[in-house]
Amino acid sequence: MATTSDPDPDPQNKQIFILSGQSNMAGRGGVSKKPKRWDGVVPPESQPHPSILRLSAKLEWEAAREPLHADIDTKKTCGVGPGMSFANGVRERVGVVALVPCAVGGTAIKEWARGEKLYEDMVKRARESVRGGGEIKALLWFQGESDTSTEADAVAYQGNMEEFVANVRRDLALPSLPIIQVALASGFEYIEKVREAQLGMKIENVVCVDAKGLQLQEDNLHLSTQSQVVLGQMLAQAYLSPTHGVL
């Protein structure tokens, strides 16, 4: 039975944020290495709130809660990501926050090229998100670990990312869509080359927050639950900061 605290399933004034990339955006906070199991711990900063919604895999709006990507990144075990702490960090300023989870673990930037399934699914979900009203306010992007294994992939990252930004803006008809990307906290041999590309992008309304130094889990690849909380807060600060010109 509905209560006064239940969210409107599709408010017209919702502020929409696309969450995309690979595993650290999908969320592995609290997921043990063996067996792959989420501990179920949700920090206060990542708790559900009536003004935070998510678009399900079935393209239906529902109350958002961790793990946000459970029905999207279905081949992996999902835990806490940055999305809920981000949403809690901006909701008092923006009102109804509507999250569109799209991230899938272990994916390289070339899999997010126009015409590829991940990219087309993301665009489809983004277009569906505004069908009942609302506005896409930003894309949050955390990806690149899979591109740090070979020099060729790392060198190509900047061009591929610039193309990704141009394609998303064109396909969503949002030429100035704010994109907040995360500079890698972990990776393999060529991580610094990818980080250099991420931190050095000179495209209008593309800003970067740096995850380097945030605590990793025992696999030395995925952020811990508390690090995901901090990252979400960093993303919220970047979105709300007037110096970045995102709002």
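These numbers come from a predicted model, not from an experiment.
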Legend entry - Salt-bridge present (Arg131, Glu128; N to O < 4.0 Å): yes

Legend entry - Charged N-O contact under 4.0 Å between Asp210 and Arg195: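 Yes.
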
Give a yes or no on whether [X] and [Y] share a hydrophobic cluster (residues Ile, Leu, Val, Met, Phe, Trp, Tyr; joining criterion: side-chain heavy atoms under 4.5 Å apart).
X	Y	value
Trp38	Leu19	no
Ile203	Leu235	yes
Phe86	Val42	no
Val31	Met84	no
Leu223	Val229	no

Inset, instruction - For a side-chain contact (heavy atoms from CB on, under 4.5 Å) with Asp147, tell me which candidate from Ile191, Thr107, Ile109 qualifies. - result: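 Exactly one candidate clears the test, Ile109.
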
Legend entry - Identified side-chain contact (heavy atoms from CB on, under 4.5 Å) counterpart of Gln198 within the set Leu184, Val209, Val182: Leu184

Are any non-hydrogen side-chain atoms of [X] and [Y] less than 4.5 angstrom apart?
X	Y	result
Phe164	Leu139	yes
Phe188	Val194	no
Leu177	Asn205	no
Trp112	Asn160	no
Asn24	Ser186	yes
Asp71	Lys58	no
Trp141	Ile180	no
Gln233	Asn88	no

Legend entry - Summary of salt bridge (Lys or Arg N to Asp or Glu O under 4.0 Å) pairs that have at least one residue in residues 16-45, sequence neighbours excluded: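 Output for this query lists Arg28-Asp73.
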
Inset, instruction - Take Glu120 and Arg114 through the side-chain contact (heavy atoms from CB on, under 4.5 Å) test and state the conclusion after the steps. - result: CA-CA 7 Å; Glu120 298 301 331; Arg114 177 190 263 155; 3.8 Å; yes

Any chance you could measure [X], atom [atom1], to [Y], atom [atom2], to the nearest 0.5 Å?
X	Y	atom1	atom2	answer
Trp61	Ser56	CH2	OG	9.5 Å
Leu221	Gln22	CG	CD	8.0 Å
Ile16	Ser129	CD1	OG	3.5 Å

Legend entry - Glu145-Ser23 side chain donor-acceptor pair, cut-off 3.5 Å: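 No, no side-chain donor-acceptor contact under 3.5 Å.
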
Inset, instruction - Give a yes-or-no answer on whether the side chains of Glu196 and Tyr190 include a donor-acceptor pair shorter than 3.5 Å. - result: no

Inset, instruction - Would you check, one step at a time, whether the test side-chain contact (heavy atoms from CB on, under 4.5 Å) holds for Thr148 with Tyr157? - result: CA-CA 9 Å; Thr148 64; Tyr157 192 85; over 6 Å; no

Inset, instruction - Might you work through the side-chain contact (heavy atoms from CB on, under 4.5 Å) test for Arg170 and Asn167, ending with a clear yes or no? - result: CA-CA 5 Å; Arg170 187 180 305 118; Asn167 286 340; 3.0 Å; yes

Inset, instruction - Taking atom CD of Glu192 as the centre, report whether more than 12 heavy atoms of other residues, nucleotides or ligands fall under 6.0 Å from it. - result: yes

Inset, instruction - For side-chain contact (heavy atoms from CB on, under 4.5 Å), just list the numbers for Glu162 and Met201, CA-CA rounded to whole Å, side-chain angles, deciding distance to a tenth of an Å, and then say yes or no. - result: CA-CA 8 Å; Glu162 290 172 351; Met201 283 188 71; 3.9 Å; yes

